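Below is one structure, written out as structure tokens; comments come after it.
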Amino acid sequence: MEKDAPILILGAGTFGLSTAYHFAQAGHSNITVLERSAAVPPADSAGNDLNKIVRAEYEDPFYAELALQAMAAWKTNPLLAPYYHETGYLLANSAAAPEKAKKTLLKSLGSIQQHPAFRGKISPIETRADIAKVAPVFDGPMEWKGYFNRFAGYAHSADALTAMYSACCALGVQFHTGDAVKSLNYTSDKRCTGAVTASGKTYTAALTVLALGAALATVLPEVGRQVAANAWPVAHIQLTPAEAQKLRGIPVTYARDLGFFFEPDRRTNLLKLCPSGAGYTNFGSSTSSAESEGRQGSSVPPDFSAFITPADEEKIRRLLRETMPGLAERPLINGRLCWCADTADSEYIIDFVPGTSGNSLIVASGDSGHAFKMLPIAGRWLVELARAGKQETRRWRWKAGQDAGGDVSWRIGRPVDLKDVPLAVKSKL
Ligand SMILES: *[C@@H]1O[C@H](CO)[C@@H](O)[C@H](O)[C@H]1NC(C)=O
Ligand SMILES: *[C@@H]1O[C@H](CO)[C@@H](O)[C@H](O)[C@H]1NC(C)=O
């Protein structure tokens, strides 16, 4: 591909920004990003959030290796290093955890226990005293079992995306916001030549990259059910500066069966909390017609995302009663759902779209809720794919016929569909 060939990237979230950044770094000079939201990072991007866990434990060593590469980049890339905080990661199960949660934890531990990168970084958590050693400020009962991993932490995700956006601008990437893509353009032999937006503007490109997360099917209905929108609830407690100061440096703390939280945000003193579970789907209001149409499931709802359910709230309060009971009855604020793009096997989709010609159309989606940590390196996979002309990594290929939305080995419980959430809860805010 010529360095001045026009590249069009749809979506300015985690995959979109990383892709723009890496193509620009590789010397490409005509890169345009289209984003339907008014601003970058977009309001509905999952990565546009206070913080995300950065860790290399995975059931699957393939992703563990990639996460280690990403963590090296989080630490050494001066653009991103200010947003990475290696606070450590306390991963455990509460006394009431189901068998599945215990199994997942053991697999996680297994993936790093023998790895040289973690030598001396892992300590078992078996007693209350073990917890006191790694998080002395927690004063709840915490009969947890698991481990503490020093070599992990979190990234301030919205700030990291903003930094990457600024770097892209400095490298000459053009951004156009506030105009959704209506359709893709093709030649008669199915070469994608770019996109047309709702306002009627046409963008011409030699290569178009679809980085639309769970909204992919709105532009590429052919993706069918291989990507399903799946959301996780998030809520916050507003701490006073003194309360936040007291919690400075706490590890990312995760009871697999209850949920997790982070060190309070250094700017706003917000404590972010996420209840665990299989999250929410959006398979449409009428199962019969939506199911048979086969593509309804992959969309992000236009609204109804600014809530959390009473069940999730209760889970968060249980998590707090276990860890920091003094905060357990505080009001939860800024509750919302954070939409991701799930695949059946939690593998990403990074591939040319079958049936299109001229290596002109690439999909980068299927984050499955575990892609943000890859921000520093994900775009490189797209540059490599464009160069290779074929996806050699089998697991990242187009997944025709694989329906997302089934049981996922590393999640606890079954997802709840938005249509089954009472309207009174959905319209609470
Ligand atoms: C980038 O590509 C577009 C589409 O082909 C073209 O109209 C534009 O002039 C190019 N810009 C530069 C700076 O080469
Ligand atoms: C792109 O597609 C739109 C809508 O299908 C069409 O009106 C337009 O002429 C096409 N533009 C190009 C450059 O092919």
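Just so you know, these numbers come straight off a predicted model, no measurement behind them.
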So, the side chain of [X] versus the backbone of [Y]: is there a donor-acceptor pair under 3.5 Å, distance only?
X: Ser166; Y: Thr162; value: yes
X: His22; Y: Trp381; value: no
X: Lys121; Y: Gly88; value: no
X: Ser368; Y: Asp342; value: no
X: Asp130; Y: Thr127; value: yes
X: Gln391; Y: Asp351; value: no
X: Ser18; Y: Phe15; value: no
X: Ser37; Y: Ala39; value: no
X: Arg128; Y: Gly140; value: yes
X: Gln226; Y: Asp403; value: no

Does the pair [X]/[Y] count as a salt bridge with the N-to-O cut at 4.0 Å?
X: Arg36; Y: Asp44; result: yes
X: Lys75; Y: Glu86; result: yes
X: Glu313; Y: Arg317; result: yes
X: Lys315; Y: Asp257; result: no
X: Arg248; Y: Glu263; result: yes
X: Asp60; Y: Arg395; result: yes
X: Glu126; Y: Lys145; result: no

Parallel, tilted or perpendicular: which fits the ring planes of [X] and [Y], with parallel below 30° and perpendicular above 60°?
X: Trp74; Y: Phe372; answer: tilted
X: Trp396; Y: Phe62; answer: perpendicular
X: Phe151; Y: Phe118; answer: tilted

Minimum side-chain heavy-atom gap [X]-[Y] below 4.5 Å:
X: Ile237; Y: Phe261; answer: no
X: Tyr348; Y: Thr343; answer: no
X: Gln25; Y: Val383; answer: no
X: Leu212; Y: Ser365; answer: no
X: Leu34; Y: Phe175; answer: no
X: Leu375; Y: Leu161; answer: yes
X: Leu210; Y: Thr208; answer: yes
X: Val173; Y: Thr32; answer: no

For a quick test of reading the model, state the closest non-hydrogen atom pair linking [X] to [Y] and the distance between them.
X: Pro42; Y: Ala12; answer: CD-O, 3.2 Å
X: Gly335; Y: Ile308; answer: CA-CG2, 4.0 Å
X: Ala341; Y: Gly213; answer: CB-C, 3.6 Å
X: Ile316; Y: Ala235; answer: CD1-CB, 3.9 Å
X: Val227; Y: Ala404; answer: C-CB, 4.3 Å
X: Leu8; Y: Ala205; answer: CB-CB, 3.5 Å

Exercise. Going through the checks in order, is the side chain to side chain contact (heavy atoms under 4.5 Å, CB included) test met by Tyr84 and Val54?
Worked result: CA-CA 8 Å; Tyr84 174 62; Val54 177; 3.7 Å; yes
If I take atom [atom1] from residue [X] and atom [atom2] from residue [Y], how far apart are they, to the nearest 0.5 angstrom?
X: Leu68; Y: Lys373; atom1: CG; atom2: NZ; result: 11.0 Å
X: Leu90; Y: Asn149; atom1: CG; atom2: CG; result: 10.5 Å
X: Asn282; Y: Leu418; atom1: CG; atom2: CG; result: 5.0 Å
X: Arg321; Y: Leu258; atom1: CZ; atom2: CG; result: 10.5 Å
X: Asn359; Y: Leu385; atom1: CG; atom2: CG; result: 8.0 Å
X: Ser157; Y: Asp49; atom1: OG; atom2: CG; result: 4.5 Å

Exercise. How about His156 and Tyr83: are their ring centroids closer than 6.0 Å?
Worked result: no
Exercise. Do Tyr89 and Tyr154 have ring centres separated by under 6.0 Å?
Worked result: no
Looking at [X], I want to see if its [atom1] is surrounded by more than 12 non-hydrogen atoms of other residues, nucleotides or ligands under 6.0 Å.
X: Lys103; atom1: NZ; value: no
X: Glu143; atom1: CD; value: no
X: Glu99; atom1: CD; value: no

Problem set entry | Name of the residue among Asn230, Asp312, Asp417, Asp420 meeting side-chain hydrogen bond (donor to acceptor under 3.5 Å, both in side chains) with Tyr280 | Asp312
Problem set entry | Residue that, paired with Arg330, satisfies side-chain hydrogen bond (donor to acceptor under 3.5 Å, both in side chains) out of Glu243, Gln238, His236 | Glu243
Side chains of [X] and [Y]: is there a donor and an acceptor less than 3.5 Å apart?
X: Tyr63; Y: Glu65; answer: no
X: Asp265; Y: Thr268; answer: yes
X: Tyr147; Y: Glu57; answer: yes

Exercise. Under the 6.0 Å and 45° cation-pi test, does Arg336 pair with Phe307?
Worked result: no
Exercise. Could Arg256 and Tyr254 be counted as a cation-pi pair, given that NZ or CZ must be under 6.0 Å from the ring centre and within 45° of the axis?
Worked result: yes
Exercise. What do the steps show when you test His85 against Phe262 for ring-ring contact (aromatic ring centres under 6.0 Å, His included), and what is the final call?
Worked result: CA-CA 11 Å; His85 305 286; Phe262 299 77; over 10 Å; no
